[in-house]
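Below is one structure, written out as C-alpha cells, with a few remarks after it.
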2 protein chains.
Amino acid sequence: MARPSPRIEIAHEALRQAIIEQALKPGTKLPEDVIGEQFAMSRTLVRAVLAKLEAEGLVDANPKRTATVAQPTLAEARDVFEVRRALEAEAVRLVAKRWQPAFADELDSLLRQEDEARARQDERVSIHLAGEFHLRLAQLSGNALLERYLRELITRCSLILAVFGRPHSSDCAIEEHSALITALRAGDADGAVAIMHSHLGAVERRALLGGDDEKPAALGDVLSHYAAAVTARQTTKPSKTANQK
Amino acid sequence: MARPSPRIEIAHEALRQAIIEQALKPGTKLPEDVIGEQFAMSRTLVRAVLAKLEAEGLVDANPKRTATVAQPTLAEARDVFEVRRALEAEAVRLVAKRWQPAFADELDSLLRQEDEARARQDERVSIHLAGEFHLRLAQLSGNALLERYLRELITRCSLILAVFGRPHSSDCAIEEHSALITALRAGDADGAVAIMHSHLGAVERRALLGGDDEKPAALGDVLSHYAAAVTARQTTKPSKTANQK
DNA sequence: TCTGCAATTTCTGTATACTAATTTAGCTGC
DNA sequence: GCAGCTAAATTAGTATACAGAAATTGCAGA
C-alpha cells in the first residue's frame with residue numbers, strides 16, 4: 001500500500017470527503033496554492049494530492065489549467081455503474097463463498113445504524129453509511145484489489161449523485177440491503193448476486209433519473225441553455241458556477 | 001484524462017514497457033536521480049512517474065526508501081486474476097451486445113499478427129500482442145472505465161508472469177482467442193463469456209505454475225535503451241551509465 | 001575473520017525560486 | 001457599448017537547494 005507521507009494522505013482524505021459530501025460542488029476550482037495554504041503544505045505536495053484525486057476521478061485536471069472538482073458526464077456515469085455492477089456482483093459471489101455467521105452481525109450492525117440515521121433525517125450520515133455497507137461487503141470478499149476498485153467506484157457514485165441525482169434522493173433502499181443479508185445468511189449465493197444486481201440497477205435509476213437515452217441533466221448544459229436565451233455568445237465554456245476565491 | 005506533460009507520459013510509458021517486458025526485473029531498485037538522468041528530467045517529474053507506476057501496481061514504493069519494480073505476492077496475483085476474470089467476462093458480455101462484423105476483422109487481424117510473431121519466435125512482440133488482443137476487446141466494450149481497469153490488470157498480469165511464470169512462457173494460447181472470436185461471431189454471448197472464463201483460468205494456471213531463475217541487469221543500460229527516443233532529442237551529452245548492483 | 005559502531009555516502013521529503021502559459025483587467029477605437 | 005488588443009495578475013510546469021533518513025562503508029576490538 002502507498003503511504004508516501006501522512007500529510008499527503010490527510011489532505012487527500014479531507015478533500016475527498018469535502019467532495020463527496022458536496023461541500024465542494026462539482027466545477028469548483030482547486031488552485032494549488034490555495035489548497036497548499038489551507039493544509040500548510042507546499043504546492044509540491046498539493047500536486048501529489050490532486051494527482052491522486054484525479055486518478056480516482058474526483059477532480060478534472062487539464063494540462064495547464066486549474067484543477068476542478070469533477071463533473072462526470074452522463075456517459076461516464078453509465079460506465080461507472082456498469083463496472084460497479086460487475087464488480088459488486090463478484091464481491092457478493094466471493095462473500096457468499098467464504099460466508100461466516102459473524103459477517104451477518106457486521107452487516108446487520110451497519111444496517112441498523114443506517115436505519116437510525118434515515119429515521120432522524122440525518123442525510124449526510126445516511127448517505128455515508130449506505131456507501132459504507134457496500135464497502136464493508138467488498139472488504140468481506142477477502143480480495144484487496146477488488147476492495148480498492150470498489151472503494152473508488154462507490155466514491156464516484158456519490159459524486160455522480162451530486163451531479164445528476166435529485167436533491168433528496170437517498171441512493172440505497174434499506175430493504176434491498178436487508179434482503180441481501182437474508183439471502184447470504186440462507187446460503188443462497190445466486191439469489192444474493194441477483195439481489196445485488198437489481199439493487200444496483202435501482203440505485204442507478206434513482207441516481208440518473210432517466211433511461212439510457214441522452215438526457216441534458218448536466219448542470220453546465222442547463223445553465224448554458226438559460227444563458228443562451230440572454231446572451232448568445234458563450235457557446236463553449238458556459239459553466240462558470242460558484243467557486244471560492 | 002490526464003495529460004500533465006508529454007515528458008511524464010513518455011517516461012511512464014517507457015518504464016512500463018521495460019517492466020512488462022522484463023527488461024527490468026522485479027525487485028530492481030529505481031532511484032529517482034538515476035531515472036531522471038536517463039530521461040533528462042528532474043526528480044520532481046520522476047516522482048510523478050513513479051507515483052503513477054505505483055498506482056498501477058507496477059512498482060513498490062515505501063515511505064523513505066527507494067522504489068523498486070514490484071514483486072507481486074501470490075495472494076496479490078490471485079486477487080488480480082480474480083478481478084480480471086470478472087471484468088473481462090463483463091467486457092465480453094458488452095462486446096457481444098454491441099457486436100458488429102467489423103469487430104471480427106479487428107480481432108482477426110490481431111490474432112494473425114500474434115500467430116506470425118509466435119511463428120518467428122519473436123517473444124517480445126508475441127507477449128505484447130497477446131495482451132493487445134485482450135485490451136482491444138476491452139476497448140470494443142465501449143466502456144472507457146472498464147478499458148482503463150483492464151489495461152491495468154492485463155499489465156499487472158504480465159508482471160505476475162515475470163515473477164511466478166516459467167521464464168519465457170507465452171501466456172495466451174492462440175486457439176483460445178480464436179474460439180472466442182468464433183463464439184462472438186456466431187452471436188453466442190454466453191458461450192463467449194464461458195470461453196473467456198476458462199481461457200483466463202488457463203492463463204492463471206500457466207502463470208502461477210513454474211519456477212524462476214535469476215538474471216542481473218544494469219539499470220542504466222536498460223534505461224538508456226528505453227530512453228533513447230527521449231535523449232536523442234536532448235543535448236547530446238554523454239550519458240554516464242550509473243553503476244547498479 | 002567476524003561483529004558492531006561510527007563516519008560517509010546515497011537517497012528521499014519538501015520548500016522555494018524561476019519560467020512560461022493562461023486568465024483577467026484596462027484600454028482604445030469603432 | 002462592444003470587439004479586439006495589450007498589460008498586469010494568477011497560476012501551473014519544472015528545476016534545484018537543502019534537510020534528514022537509510023543504506024553503505026570502514027575500522028576497531030574481540
Side-chain angles (χ1 to χ4, degrees), chain A residues 1-12 15 27-55 59-69 227 230-245, chain B residues 1-12 15 27-54 59-69 218-220 223 227 230-231 233-235 237 239-245:
Chain A
M1 285 299 185
R3 190 100 348 183
S5 150
R7 298 170 61 194
I8 290 180
E9 214 54 37
I10 289 170
H12 177 211
L15 277 172
T28 304
K29 285 209 268 198
L30 303 170
E32 294 174 355
D33 45 7
V34 173
I35 297 175
E37 198 172 304
Q38 287 299 325
F39 291 98
M41 51 174 63
S42 75
R43 281 179 48 223
T44 306
L45 299 192
V46 173
R47 202 147 240 280
V49 172
L50 288 176
K52 282 194 167 202
L53 289 168
E54 191 208 346
V59 317
D60 291 335
N62 308 64
K64 290 238 179 178
R65 38 186 56 82
T66 309
T68 61
V69 177
V230 184
T231 60
R233 57 187 172 84
Q234 285 212 333
T235 53
T236 48
K237 285 287 185 180
S239 91
K240 188 65 189 349
T241 52
N243 61 2
Q244 51 191 21
K245 55 171 306 173
Chain B
M1 289 300 186
R3 195 93 352 169
S5 150
R7 299 170 59 194
I8 290 180
E9 215 54 38
I10 288 170
H12 177 211
L15 277 172
T28 305
K29 285 210 270 198
L30 303 170
E32 294 172 356
D33 46 5
V34 174
I35 297 174
E37 196 174 306
Q38 286 300 326
F39 291 99
M41 52 174 64
S42 76
R43 283 181 47 224
T44 306
L45 298 193
V46 172
R47 205 144 236 283
V49 172
L50 289 176
K52 282 192 168 203
L53 289 168
E54 190 207 347
V59 317
D60 291 335
N62 308 68
K64 290 240 180 178
R65 39 186 56 79
T66 309
T68 62
V69 177
L219 177 60
L223 286 187
V230 182
T231 48
R233 288 185 298 140
Q234 301 289 335
T235 56
K237 63 184 175 185
S239 64
K240 38 186 165 183
T241 52
N243 41 11
Q244 176 74 9
K245 47 178 307 187

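In what follows, chains are A, B, ... by sequence order, proteins preceding strands, each numbered from 1. All heavy atoms count here, side chains included; hydrogens, waters and symmetry mates do not.
The CD-P distance, from A:E32 to C:dT16, rounds to 15 Å in whole Å. Protein atom CG of A:D33 is 6 Å distant from nucleotide atom P of D:dA12, rounded to whole Å. Computed from coordinates, the A:E54 CD to D:dA12 P distance equals 13 Å when rounded to whole Å. To the nearest angstrom, C1' of C:dT12 lies 13 Å from CD1 of B:I35. Put simply, CG on B:L45 is 13 Å from C1' on D:dA12, counting in whole angstrom units. Taking atom CZ of residue A:F39 and atom P of nucleotide C:dA15, one finds them 14 Å apart after rounding to whole Å. C:dC11 atom P lies 11 Å from atom CD of B:E37, rounded to whole Å. Atoms CZ (A:R7) and C1' (C:dT14) sit 7 Å apart, rounded to a whole Å.
Side-chain atoms of A:R7 come within 3.5 Å of backbone N or O of A:A40 as a donor-acceptor pair.
Among all heavy-atom pairs drawn from B:L15 and B:I35, the shortest one is CD1-CG2, 4.2 Å.
Considering CD1 of A:I8 and CD1 of A:I10, their distance stands at 10.5 Å, rounded to 0.5 Å. Annotation: the span from B:D33 atom CG to B:E37 atom CD amounts to 7.5 Å, rounded to 0.5 Å. If you take OG1 on B:T68 and NZ on B:K29, they are separated by 9.5 Å, rounding to the nearest 0.5 Å.
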With the criterion being N/O to N/O and under 3.5 Å, what pairs connect the protein with nucleotides 21-23 of chain C, and how long is each?
{"residue": "C:dT23", "atom": "OP1", "partner": "A:R65", "partner atom": "NE", "Å": "3.0"}
{"residue": "C:dT23", "atom": "OP1", "partner": "A:R65", "partner atom": "NH2", "Å": "3.2"}

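Considering only side-chain N and O atoms, A:R43 lies nowhere under 4.0 angstrom from the phosphate OP1 or OP2 of D:dA15.
Of the two residues near DNA chain C, A:M41 and B:L50, the one whose nearest nucleotide lies more 5' is B:L50. Take the nearest nucleotide of DNA chain D for B:S42 and for A:A67: the residue whose nucleotide is more 5' is A:A67.
Within 4.0 Å (heavy atoms only), B:T66 reaches sugar-phosphate atoms of the nucleic acid but no base atom.
Checked for salt-bridge contact, B:E9 and B:K52 meet the test: a charged N lies under 4.0 Å from a carboxylate O.
Partners of B:S42 according to the side chain to side chain contact (heavy atoms under 4.5 Å, CB included) rule, which considers only residues two or more places apart in sequence or in another chain, are B:T44, B:L45.
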